Structure formats: C-alpha cells, structure tokens
Amino acid sequence: MDATTFVLFGATGDLAKRKIYPAMYNLFVDGKLPQAFSVFGLGRRELTDEKFRANVEHSIRTFSRRQPADGSSLNAFLEAFRYSVLDIGRIEDYNKLLQLVEQREAALGADPNRLFYLSVGPEFFETIASNIQASGLSSAAGWKRLVIEKPFGHDLQSARNLNKHLSRSFTEDEIFRIDHYLGKPMVQKLEILQQSNPVLQALWTNRHIANVQITANETVGVEERAGYYDHVGAVRDMFQNHMLQLLMMLAIHLPNHNSTSDEVRTKKKKVMEALEPLFKEDVAFNVVRGQYAAGEIQGKAVAGYTSEPGIAADSANDTFIAAKLQIDDYFWRGVPFYIRTGKRMKEKSTRIVIEFKEPLKQSSQKNDERRIPNLLVFEISPNESITLQLSTRDPQHRGEFKPMFIDFRSDSHEVPEAYENLIGDALNGDPTFFAHWDEVELSWKWVQPILDAFTENLVPLQTYAAGTYGPAASDELLARDGYRWQFDAESEHNIADSAAASVGEEQLQKVTQNEMQIETKEGNTYAYHANH
Ligand SMILES: NC(=O)C1=CN([C@@H]2O[C@H](COP(=O)(O)OP(=O)(O)OC[C@H]3O[C@@H](n4cnc5c(N)ncnc54)[C@H](OP(=O)(O)O)[C@@H]3O)[C@@H](O)[C@H]2O)C=CC1
Ligand SMILES: O=C1O[C@H](COP(=O)(O)O)[C@@H](O)[C@H](O)[C@H]1O
C-alpha cells in the first residue's frame with residue numbers, strides 16, 4: 001500500500017473518538033495500514049502529541065471492537081500520531097502544517113501521498129478545501145484525496161454549490177463522500193451475493209418480487225444533537241443519503257464478473273435515473289411524515305420530541321418518514337419499494353425485506369392475516385443475518401401454511417465496523433463504496449419535492465408514540481397495496497421465537513446460533529441450517 005499521510009480535521013471531535021480511531025486501530029491489527037503511515041490530528045484545542053496519543057488510546061480502549069493485547073503493539077500504532085493546532089479559517093496554520101508534514105515524510109523517506117479527512121461540521125468543508133489548495137498541502141508530487149463526512153448539502157441547490165466549490169480544489173476521482181451505510185458489511189455483501197449467486201440473479205426481477213421493504217429504525221431520540229437535527233429531520237438525516245443508497249445497492253443489476261467501481265456507480269446512477277419522480281402535489285399520497293410523542297422504550301418512559309432539550313415546543317420537524325417509490329425500468333416496473341426510517345421506534349433494526357410473489361394463492365385477499373409470504377431478509381444491523389422465510393405446510397396432513405426459516409448469522413465480533421471498511425478503501429483509493437456526485441445530485445433531486453411539500457405543510461405531521469413502529473399512516477401506505485411491513489420484532493424475525501410460534505414451544509428441540517431442529521407432533525423432524 002502507498003505511503004500515506006492522514007490529515008484529520010476534527011481530531012478532537014466525537015466522530016474521531018467513537019469511530020475513526022477505533023477503525024484505524026482495527027486496520028492496523030489486520031495489517032491493512034501502509035508501512036509508512038502518519039496521522040496529523042488537527043483542532044483548535046492545545047494538545048501535546050503525548051496528550052493526543054493518550055486520547056486516541058482512550059478512544060480505542062472505550063470503543064474498539066478489539067482490545068490491545070499488549071502495550072507494545074498499541075505503542076507501535078500510536079507512534080504514527082501527531083497533533084497540530086489549526087484553526088480552519090487561518091491559512092498560516094495550514095502553512096505551518098505543510099512544513100510538519102514535509103518533515104515527517106522526509107524522515108520516513110515516504111512519497112507525499114496525502115489523505116485529508118474532514119470530520120468537521122459541513123459549514124467548514126469549502127474553506128478547508130480552498131485552504132488545502134492555497135497552502136500547497138495538496139500540490140506535492142504524490143496523490144491527494146479528500147474524504148468528506150455528511151451532510152453533503154441541505155437541499156439540491158446547496159449540494160450543487162458545495163460540489164462546485166470542492167471541485168475547484170479536488171477532482172471527482174479525488175473526492176470520497178462518506179455514507180457509512182455503504183461501509184456496513186451486509187450492504188457490501190449485497191453486491192457480491194447478487195453477482196456470485198445464480199439463484200438470486202434469477203429472482204431479482206418483477207416476475208418474482210412483489211415488493212421491497214427497506215427499514216432503518218432507531219430507538220434513540222434526538223440525543224444531544226438538537227441544533228443539527230431540528231434543521232434536517234429524518235428526510236435529510238437518513239432518507240436522502242443512507243436509505244436511497246440502500247435502495248440503489250439492492251436494485252442494481254451487475255454483470256457476471258467482478259465489477260469495477262465505475263460499473264457499480266454507473267448502475268447505481270441508472271437506478272436513480274429510473275426512479276419515478278415524485279411531484280410536490282403527490283407527496284402527501286406517497287410519503288408519511290411523523291414525529292414522536294412521549295412513550296416507552298424497553299420499559300423506560302421517554303419524552304416526546306418537542307419536550308427534548310433544545311427543541312422548540314412547536315417544532316414540526318420530522319423524526320420519521322415512510323415513502324413508496326417505484327423504479328420504472330425493465331427489472332423493477334410494478335414493484336413498489338417501501339422505505340421507512342425513524343427515531344424512538346420500538347427496536348433498533350436496519351433491514352431489507354424482499355417479499356416474493358405468491359405462486360399458490362392461499363386466499364383471494366392479498367392482506368389476509370393468515371397469509372405466509374415467502375421472504376428474503378437481509379438484517380444489516382445491529383446484527384447481521386440473512387433469512388429465507390418459506391411458506392410451507394405438512395404435505396401429509398395438508399394443514400395450515402407455516403413459515404420455515406433458513407437462517408445465516410454472522411459472528412458480530414468478527415464483523416468489521418463500517419468505518420474500517422471505508423477508511424481502508426479510501427487508503428487504497430477504491431471509491432466503490434463512496435457516494436459519487438451523480439448519485440448525490442440525483443438523490444437530492446428526487447427528495448427536493450418532499451422538502452418543498454414539508455416546508456409548505458402539504459403533508460400532515462403524524463405523531464406516533466415513542467416505542468412503536470411509527471404512525472398508523474405508515475401501515476396504511478402498504479395496506480393500500482395489500483401488503484404490510486414484514487419482520488418487525490412482534491412478527492417472525494427471531495428464528496427461535498418464530499419457530500416455536502409456528503410449531504409449538506414444546507416441540508422446539510434445539511436452537512443454536514446456526515442450527516435448529518423442530519420435531520412436530522406427527523414425529524417429523526425439520527432441520528434448518530445456516531449456510532456459511
Ligand atoms: N458524531 C457522529 O456520530 C457523526 C458525525 N458525522 C459528521 O462528522 C462531522 C464531525 O462530527 P462530530 O465529530 O460529531 O463533531 P464535533 O462537534 O464533536 O467535533 C467537531 C470537530 O471540529 C473541530 N473544529 C470545530 N471548529 C473548528 C475550527 N474553526 N477550526 C478547527 N477545528 C474546528 C473541533 O475541534 P476543536 O473544538 O478542538 O477546535 C472538533 O474536533 C460532521 O460533519 C458530522 O455531521 C457523521 C455521522 C455521524
Ligand atoms: O448518519 C446517521 O446515522 C445514525 C444511524 O446510524 P446506524 O449506523 O446506527 O444505523 C443516526 O442515528 C444519525 O442520526 C444519522 O446522522
């Protein structure tokens with residue numbers, strides 16, 4: 001891997017502490033950092049190198065999925081870290097930084113490849129990019145990359161302005177826009193699973209798929225981010241970026257060979273271009289806008305959104321959004337995609353559910369409660385799993401339809417954090433799992449009528465009690481088409497619970513992480529296995 005100087009703006013901030021340092025440490029343990037590697041942490045606070053390293057160590061000990069086995073390997077890692085005071089608006093600080101960086105590169109005999117990571121508020125992105133260029137930090141003979149955190153713009157116009165500004169200092173190939181959902185291992189697996197699996201390839205069309213449901217539910221509320229969140233809401237915070245990226249990753253059809261990042265991006269762009277546009281007048285019919293009221297989560301009473309510290313009592317900000325989208329192309333025409341995301345929901349779960357069409361009509365009513373749909377479920381977080389729910393019934397006795405589950409679960413300790421994948425890719429110069437400008441622009445373009453409709457109050461703000469699955473209107477959005485949200489905690493998503501529910505608790509013989517056996521009253525044994 002190329003020698004790299006990692007220049008971290010916002011080195012004293014929350015993201016660096018909770019995500020970036022632990023991710024770097026895990027890359028180091030896995031031997032995925034360059035041999036010649038230096039980190040320059042930047043912030044206004046006065047810190048010595050020693051204090052900075054102690055802070056980094058603390059963050060690793062608190063947040064890393066792996067703990068240092070011995071001091072010497074941790075010290076070898078920390079040796080790469082240096083701190084420099086820098087005020088983003090002061091060009092002199094960049095000039096001073098350039099000297100320090102050059103000295104370090106000379107000491108290591110390393111090529112001047114520089115990765116600039118902007119872990120600061122979005123109001124600073126343009127100034128930093130300009131000052132990096134003006135100071136000469138980016139004009140050395142090596143490569144330069146700009147890794148930029150979200151949010152990328154506040155609406156379509158501001159995103160375009162930001163991109164125009166950044167492109168004065170960095171080319172598109174040099175800009176790595178982080179969307180941490182793209183770093184989640186299960187999201188990355190979507191691409192590989194589809195490419196290497198003829199079963200999935202054959203199923204991935206409107207001939208077999210009835211609808212797709214994409215959920216990102218959180219139990220947390222606004223936390224300490226009132227100032228930021230009350231201006232963005234669920235639509236900007238989650239929907240425009242993470243949720244639409246999940247949609248793109250699910251809906252792309254890739255060629256039968258290892259795709260290049262250009263191929264992936266081109267196909268993702270095609271998905272966005274084929275999304276049926278939503279007109280402002282139609283938003284109320286296709287989009288549900290919600291805000292949490294007081295309620296209870298896991299037995300604990302929680303406040304409503306407008307009673308949260310820093311939120312105005314009359315705030316109409318959305319903490320929940322659900323929407324129906326349609327992709328008008330050969331593969332997906334006629335398949336509704338339902339997307340929802342919300343705070344203070346009943347459970348933390350990010351998942352994609354594919355509901356297949358029913359070959360056997362069990363009932364003339366699509367939304368008959370007894371119906372057992374065939375589902376493929378990608379559980380993205382907090383735990384990773386892939387579950388195939390098959391509708392079946394005992395062939396001898398021709399009883400009721402029952403679900404049968406084939407379930408794969410990953411060992412959570414072995415699963416890398418999203419930031420590990422993304423920082424590793426940025427160091428390698430692989431842009432596959434970063435958001436290209438075309439995707440970002442098309443996402444904002446699609447979302448803009450929703451923003452306008454919310455601003456003009458064309459969509460009623462529905463309240464939902466904290467600890468639920470959102471407003472009733474979210475269920476109605478699907479019920480209208482004869483569907484319902486699948487796999488919520490109170491439905492069949494726990495393999496053990498659901499197996500017990502389907503055959504009777506006393507018959508459940510054995511459930512391990514990857515294997516389950518059920519013996520029915522008739523003496524039939526069903527074994528369900530996870531396939532590694
Ligand atoms: N925290 C999170 O979980 C997530 C954050 N993000 C994004 O990451 C970015 C950083 O967020 P977060 O770490 O939470 O923010 P914090 O407020 O915790 O940290 C901000 C950082 O910016 C530095 N900073 C602020 N003003 C200046 C200045 N004028 N000159 C130099 N440095 C400055 C601060 O350093 P100092 O005070 O020492 O000057 C601090 O290191 C944001 O874009 C956010 O949207 C994205 C996803 C999740
Ligand atoms: O980007 C964001 O994501 C988090 C949710 O991320 P997850 O990895 O825990 O699913 C969300 O809480 C936050 O509001 C948003 O800015």
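Everything numeric here is computed off the predicted structure, so don't read it as measured data. Whatever order the structure lists ligands and atoms in, that order sets their numbers, starting from 1.
At least one heavy atom of P151 sits closer than 4.0 Å to an atom of ligand 1.
At least one N/O-N/O distance between R45 and ligand 1 falls below 3.5 Å. Residue-to-ligand polar distances keep L118 apart from ligand 1: every N/O pair is separated by 3.5 Å or more.
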Next item on the list: Go through D430 and T432 one step at a time and tell me if the side-chain hydrogen bond (donor to acceptor under 3.5 Å, both in side chains) criterion holds.
Entry: CA-CA 6 Å; D430 181 351; T432 311; 2.6 Å; yes
Item checked: Chi angles and distances behind the salt bridge (charged side-chain N to carboxylate O under 4.0 Å, His left out) call for D30, R66 -> CA-CA 11 Å; D30 289 337; R66 288 204 198 103; 2.8 Å; yes
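Applying the 4.0 Å criterion to heavy atoms of A11 picks out, from ligand 1, the atoms 41 (O). With ligand atoms numbered from 1 in the order given, ligand 1 contributes 13 (O), 18 (O), 19 (O), 40 (C), 41 (O) to contacts under 4.0 Å with heavy atoms of G13. Residue contact check: D87 has heavy atoms under 4.0 Å from atoms 29 (N), 30 (N) of ligand 1.
Of the listed options K150, R18, R44, R225, R18 places a heavy atom closest to atom 3 (O) of ligand 1. When the heavy-atom distances from atom 31 (C) of ligand 1 to L86, D237, N241 are ranked, the shortest goes to L86. For atom 30 (N) of ligand 1, the candidate residues are V120, D93, I88, L15; the nearest heavy-atom contact is made by I88.
The protein atom (non-hydrogen) at minimum distance from atom 46 (C) of ligand 1 is E149 OE1, 3.3 Å. Ranking the protein heavy atoms by distance from atom 41 (O) of ligand 1 puts T12 OG1, 2.7 Å first.
Under the 3.5 Å distance criterion, with hydrogens and angles disregarded, a donor-acceptor pair is assigned to the side chains of Q448 and D452. In summary, the side chains of Q486 and Y338 do not present any donor paired with an acceptor at a separation below 3.5 Å, with no hydrogens or angles considered. With no hydrogens or angles considered, a side-chain donor-acceptor pair links Y464 and T319 at under 3.5 Å.
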For ligand 2, which of its N or O atoms have a protein N or O partner closer than 3.5 Å, and how long is each gap?
{"unit_1": "ligand 2", "atom_1": "1 (O)", "unit_2": "K150", "atom_2": "NZ", "d": "2.9"}
{"unit_1": "ligand 2", "atom_1": "1 (O)", "unit_2": "H242", "atom_2": "NE2", "d": "2.7"}
{"unit_1": "ligand 2", "atom_1": "6 (O)", "unit_2": "H180", "atom_2": "NE2", "d": "3.2"}
{"unit_1": "ligand 2", "atom_1": "8 (O)", "unit_2": "H180", "atom_2": "NE2", "d": "2.8"}
{"unit_1": "ligand 2", "atom_1": "8 (O)", "unit_2": "K184", "atom_2": "NZ", "d": "2.6"}
{"unit_1": "ligand 2", "atom_1": "9 (O)", "unit_2": "K348", "atom_2": "NZ", "d": "2.9"}
{"unit_1": "ligand 2", "atom_1": "10 (O)", "unit_2": "Y181", "atom_2": "OH", "d": "2.5"}
{"unit_1": "ligand 2", "atom_1": "10 (O)", "unit_2": "K348", "atom_2": "NZ", "d": "2.8"}
{"unit_1": "ligand 2", "atom_1": "12 (O)", "unit_2": "E218", "atom_2": "OE1", "d": "2.5"}
{"unit_1": "ligand 2", "atom_1": "12 (O)", "unit_2": "E218", "atom_2": "OE2", "d": "3.3"}
{"unit_1": "ligand 2", "atom_1": "12 (O)", "unit_2": "K343", "atom_2": "NZ", "d": "3.2"}
{"unit_1": "ligand 2", "atom_1": "14 (O)", "unit_2": "R225", "atom_2": "NH1", "d": "2.8"}
{"unit_1": "ligand 2", "atom_1": "14 (O)", "unit_2": "D237", "atom_2": "OD2", "d": "2.6"}
{"unit_1": "ligand 2", "atom_1": "14 (O)", "unit_2": "K343", "atom_2": "NZ", "d": "2.9"}
{"unit_1": "ligand 2", "atom_1": "16 (O)", "unit_2": "K150", "atom_2": "NZ", "d": "2.9"}
{"unit_1": "ligand 2", "atom_1": "16 (O)", "unit_2": "R225", "atom_2": "NH2", "d": "3.0"}
{"unit_1": "ligand 2", "atom_1": "16 (O)", "unit_2": "D237", "atom_2": "OD1", "d": "2.6"}
{"unit_1": "ligand 2", "atom_1": "16 (O)", "unit_2": "D237", "atom_2": "OD2", "d": "3.4"}

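The residue Y228 has no part lying near ligand 1, judged by heavy-atom distances below 4.0 Å.
Crowding of H165 atom NE2: a count of heavy atoms from other residues, nucleotides or ligands under 6.0 Å exceeding 12.
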